[in-house]
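Everything on this sheet refers to the single structure shown next.
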Amino acid sequence: MTKADIVERIYERVGFSKKEAAEVVESIFEVIKTRLEAGEKVKISGFGNFLINDKRPRKGRNPQTGEEIIISGRRVLSFKPSQVLKRTINGPS
Amino acid sequence: MTKRDLIDEIVRLYPVYSRREAEVIVNSVFESMTEALCRGDRIEIRGFGSFVVKHRKAREGRNPKTGEIVAVGSKRVPFFKVGKELKNRVDSRSPDAAVAPAAEPVEDSAPV
């Protein structure tokens, strides 16, 4: 599935033109990205939470050469699926 | 930001939509993604990331409180992998961040 399939869904459900649906879907992801970029978490109830974590620098090793290197500190994004999503994808129980 | 804030933001960006319409649009996006994952489909959102469903085999677990052995059934678990553009936007210190974030290289599989 790609963005095009999501656009198709909006087009069917809401009756927008494809162009309009494509534009609003693009905006939804852009709004989410902008918030994450600002270091804010994004919580979508029923789907999951997109979380920002700051990682401290740590020692690592080049697995090929065995050479010790410092892995720099970084900010990473993680996704925690909601209980509802986990239950849903495991089918009706 | 919550889903409600996201809906408010869409109403602000598109004043032609009613709040109700914006709600339907935002919900439709996540519903169609949920349905895709239910079918076991992979979702690929350019510039954002991809979602896949992984299978976990049944295993024996332990109740951490009592130490009792319990059977844990097989299950499907959703995973998200952040896309290059978003990864770089989130981590401004990344050396790649300065390199045109708009030009996103093709990820694992070619999206349409």
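Order of the sequence lines fixes the chain letters, A, B, ..., with proteins taken first and strands second; residue numbering starts at 1 for each chain. Side-chain atoms are counted along with the backbone in the values below, which use heavy atoms only and exclude waters and symmetry mates.
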At a 4.5 Å cut-off on heavy atoms, which part of [X] comes close to chain B: side chain, backbone, both, or neither?
| X | value |
| --- | --- |
| A:S72 | neither |
| A:E8 | neither |
| A:K41 | backbone |
| A:L36 | both |
| A:R74 | both |
| A:L85 | side chain |
| A:V84 | neither |
| A:D54 | side chain |
| A:E40 | side chain |
| A:V42 | both |

- prompt: Are the ring centres of A:Y11 and A:F16 closer than 6.0 Å?
  reply: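 No - the distance between ring centres of A:Y11 and A:F16 does not fall below the 6.0 Å cut-off.
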Chain A contact via [X] - side chain, backbone, both or neither, heavy atoms under 4.5 Å:
| X | answer |
| --- | --- |
| B:V53 | side chain |
| B:I43 | both |
| B:I25 | both |

query: Can you name the closest pair of heavy atoms from A:K18 and A:V7 and give their distance?
result: O-CG1, 3.8 Å
query: A:I52 and B:V90: which non-hydrogen atoms are nearest, and at how many Å?
result: CD1-CG1, 3.8 Å
Select, from [options], the one with the greatest count of heavy-atom pairs under 4.5 Å involving chain B.
| options | result |
| --- | --- |
| A:E30, A:K33, A:R35 | A:K33 |
| A:N49, A:V25, A:T34, A:V31 | A:V31 |
| A:L77, A:V76, A:V24, A:V14 | A:V24 |

query: Would you call A:K3 and B:E44 a salt bridge, taking side-chain N to carboxylate O under 4.0 Å as the test?
result: no
query: Are B:K3 and B:E23 close enough for a salt bridge, meaning some N to O gap below 4.0 Å?
result: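 Looking at B:E23 together with B:K3, the answer is no, because their closest N to O distance does not fall below 4.0 Å.
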Could you state the interatomic distance from [atom1] ([X]) to [atom2] ([Y]), rounded to the nearest 0.5 Å?
| X | Y | atom1 | atom2 | value |
| --- | --- | --- | --- | --- |
| A:I10 | A:I6 | CD1 | CD1 | 8.0 Å |
| A:K43 | B:D5 | NZ | CG | 9.5 Å |
| B:K54 | B:R76 | NZ | CZ | 14.5 Å |

- request: Indicate whether the side chain of A:S27 and that of B:Y14 have a donor and an acceptor atom separated by less than 3.5 Å.
  value: yes
task: May I ask you to check whether over 12 heavy atoms, not counting those of B:R4, lie within 6.0 Å of atom CZ?
output: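 Not buried by this count: 12 neighbours or fewer within 6.0 Å.
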